[in-house]
Amino acid sequence: MKTGISPFTLLRRAPDCPARCGILRTLHGEVRTPVFMPVGTQATVKAVTPENLEQLGAQIILGNTYHLFIRPGHELIRKLGGLHGFMNWHRPILTDSGGFQIFSLKDLATITEQGAEFRSHLDGTRLFLSPEDAVQIQEALGSDIMMVLDTCIPWPSGRLETEKATAMTGRWAARSRHAQADSGQLLFGIVQGGMYRDLRQRAAEELVNIGFDGYALGGLSVGEPKELMYEMTEATVSHLPGEYPVYLMGVGTPEDLVESVYRGVDMFDCVMPTRNARNGMLFTSRGRLVIKNSCYRDDPKPPDEQCSCYTCRHYSRAYLRHLFMSKEILAYQLNSIHNLFYYCSLMAEMRHAIEQNCFTAFRKNFYSMRENVESATI
RNA sequence: GGAGGGGUUCCCGAGCGGCCAAAGGGAACAGACUGUAAAUCUGUCGGCGGAGCCUUCGGAGGUUCGAAUCCUCCCCCCUCCA
């Protein structure tokens, strides 16, 4: 929305760190932050139904501009009720712009000032995505939060290269804001700047000058050491206006979420809970559990004895291992439900801790739960 | 009874004198996975701490400097004919 009014209401700030909780208002309702957004690239969070998502506590999910643009096409989705009607999800949706695909499909993409030219990863068709196109496609998709098209810089990258790419992302951001119609959809800018604190700062200031409904941190968790990622997060957040939501894109592990909330981030998305679920790895309050490992062959315990998700309430590790080893479809569904529940619950716990002014204690406890356990004896 | 084909490392299956501890699958075991080209990818996969050595290609002999590969006999399996 081009109103200049923040869609975000800050409810509480931690007394001893930048952690905070709040409410983000969108066309499809409010989102309590800090929040984790399951990734549903192709108008589906892989292996789970929208009903599953509601039950496990997902407040908002992602969709992807590039993928939905090439298949089935944004005009088709517009006709069939927008993304919400098309996929039967009636809570908020954030759509990524395709910027990450410029990065992950770099061998198929060519970047110019005008935009990104792709050869479709499906059939090689040449297609073009400009910042304006990305906004218009997301308007057709009807997402609640749109992301500007950006260029994600790999790690490591030299300063000059980073500076150039970041400057162009800034110009693309201005064009995106300008291209936006008055639909009520929110538009977030994306701070790049690689691993250079001053470039991050400059990028943040440029975006704030343009004025967005929220600010995202892009180009992190691209292979750099964790400490560097946390340092860049800190450095960037400190230059963003506190009354707007802050979104750390593509992150991360449960530890990353805790560390980033601790540093003032409000929103996250990551394929990790869903992808790793499909690859036989479950997140638990005591650490990671690789359900395909032979030690769970006859283990009657649920994946996480502390967890109250549908999977943990009904199924044993032995059964889940059997399903996974047999490549049964249900394995992917039950594992995904568990991991997403774990992520969403972790965020709920963090919100609660911030509201109760005890986030620092929460963070300490989060780690002590893990330190007490050897992965083999989870 | 006659004619032909075959028995290979957990399974399927290639190899048909040296480059073979033996291709390639599968299974199994382990690892990776961070804005999803991902129900994907990588590694290990006879034994012994390694260079190396030892045991292995239905069984027993033999030929050869050298055999999973050639010869003899034996044991199983399959197809066709009677």
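In what follows, chains are A, B, ... by sequence order, proteins preceding strands, each numbered from 1. All heavy atoms count here, side chains included; hydrogens, waters and symmetry mates do not. Keep in mind that what you see is a predicted model, and the values were worked out from it rather than measured.
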Earlier contact from the 5' end, RNA chain B, for A:R278 and A:D150: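 Taking each residue's closest nucleotide, the earlier one in sequence belongs to A:D150.
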
First encountered from the 5' end of RNA chain B, between A:S294 and A:D107: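 First, find each residue's nearest nucleotide; the 5'-ward one identifies A:S294.
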
So, does [X] get its side chain near the phosphate of [N], meaning an N or O under 4.0 Å from OP1 or OP2?
{"X": "A:T41", "N": "B:rU36", "value": "yes"}
{"X": "A:K46", "N": "B:rU40", "value": "no"}
{"X": "A:Q101", "N": "B:rU36", "value": "yes"}
{"X": "A:R297", "N": "B:rA28", "value": "no"}
{"X": "A:S97", "N": "B:rG35", "value": "no"}
{"X": "A:R275", "N": "B:rA39", "value": "no"}
{"X": "A:N293", "N": "B:rA30", "value": "yes"}

Which part of the nucleic acid, if any, lies within reach of [X] when heavy atoms closer than 4.0 Å are counted: base, sugar-phosphate only, or nothing?
{"X": "A:G280", "result": "nothing"}
{"X": "A:K106", "result": "nothing"}
{"X": "A:M281", "result": "base"}
{"X": "A:E224", "result": "nothing"}
{"X": "A:I190", "result": "base"}

A:E132/A:Q136 under side-chain hydrogen bond (donor to acceptor under 3.5 Å, both in side chains): CA gap, chis, key distance, verdict: CA-CA 6 Å; A:E132 291 83 359; A:Q136 280 151 21; over 6 Å; no

Ring-face cation contact, A:F283 with A:R288, 6.0 Å cut, 45° max: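 The answer is no, since A:R288 fails at least one limit relative to A:F283.
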
Cation-pi, A:Y262 ring and A:R363 (6.0 angstrom, 45 degrees):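 Geometry flag: set, cation within 6.0 Å and 45°.
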
Taking the same atom, [atom1], in [N] and in [M], what whole-Å distance lies between them?
{"N": "B:rU36", "M": "B:rC41", "atom1": "C1'", "value": "14 Å"}
{"N": "B:rU42", "M": "B:rG47", "atom1": "P", "value": "24 Å"}
{"N": "B:rA51", "M": "B:rG6", "atom1": "P", "value": "37 Å"}
{"N": "B:rA82", "M": "B:rG17", "atom1": "P", "value": "37 Å"}
{"N": "B:rC45", "M": "B:rC29", "atom1": "C1'", "value": "8 Å"}
{"N": "B:rA67", "M": "B:rG18", "atom1": "C1'", "value": "9 Å"}
{"N": "B:rC71", "M": "B:rG24", "atom1": "C1'", "value": "31 Å"}
{"N": "B:rG31", "M": "B:rC75", "atom1": "C1'", "value": "46 Å"}

Counter-base of [N], judged by Watson-Crick or G-U geometry with both distances under 3.5 Å:
{"N": "B:rC33", "answer": "none"}
{"N": "B:rC80", "answer": "B:rG2"}
{"N": "B:rC45", "answer": "none"}
{"N": "B:rA22", "answer": "none"}
{"N": "B:rG50", "answer": "none"}

Could you give the [atom1]-to-[atom2] distance, from [X] to [N], as a whole number of Å?
{"X": "A:L282", "N": "B:rG31", "atom1": "CG", "atom2": "P", "value": "13 Å"}
{"X": "A:H121", "N": "B:rU36", "atom1": "NE2", "atom2": "P", "value": "11 Å"}
{"X": "A:E328", "N": "B:rA39", "atom1": "CD", "atom2": "P", "value": "16 Å"}
{"X": "A:M232", "N": "B:rU34", "atom1": "CE", "atom2": "C1'", "value": "18 Å"}
{"X": "A:H322", "N": "B:rA39", "atom1": "NE2", "atom2": "P", "value": "21 Å"}
{"X": "A:H338", "N": "B:rA39", "atom1": "NE2", "atom2": "C1'", "value": "18 Å"}
{"X": "A:D266", "N": "B:rG35", "atom1": "CG", "atom2": "P", "value": "19 Å"}
{"X": "A:N64", "N": "B:rA37", "atom1": "CG", "atom2": "P", "value": "7 Å"}

Short side-chain to backbone donor-acceptor contact, A:H121 and A:L105, under 3.5 Å: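 Flag not set: sc A:H121 to bb A:L105 has no pair under 3.5 Å.
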
Donor-acceptor under 3.5 Å (A:R200 side chain, A:G194 main chain):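 Side chain of A:R200 to backbone of A:G194: a pair is present.
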
Steps toward side-chain hydrogen bond (donor to acceptor under 3.5 Å, both in side chains) verdict (A:S285, A:D304): CA-CA 7 Å; A:S285 52; A:D304 186 345; 3.1 Å; yes

Ignoring the backbone of [X], work out which of [options] is nearest its side chain.
{"X": "A:V290", "options": "B:rG31, B:rA39, B:rC29", "result": "B:rG31"}
{"X": "A:R321", "options": "B:rU36, B:rC29, B:rA37", "result": "B:rC29"}
{"X": "A:D269", "options": "B:rA39, B:rG35, B:rC33", "result": "B:rG35"}
{"X": "A:L108", "options": "B:rC33, B:rA38, B:rA37", "result": "B:rA37"}
{"X": "A:T253", "options": "B:rU34, B:rU36, B:rA39", "result": "B:rU34"}

Whether A:Y319 and A:H322 hold their rings parallel, tilted or perpendicular, with breakpoints at 30° and 60°: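 Judged by the thresholds at 30° and 60°, the geometry between A:Y319 and A:H322 is tilted.
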
Carboxylate-amine/guanidinium proximity below 4.0 Å for A:E206 and A:R171: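 Between A:R171 and A:E206 there is no salt bridge, as every charged N stays at least 4.0 Å from the carboxylate O atoms.
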
Ion pair A:K226/A:D256, N-O distance below 4.0 Å: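 A:D256 and A:K226: salt-bridged.
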
Any N/O donor-acceptor pair, A:S104 side-chain to B:rU36 base, under 3.5 Å: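 Answer is no: no donor-acceptor pair is held.
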
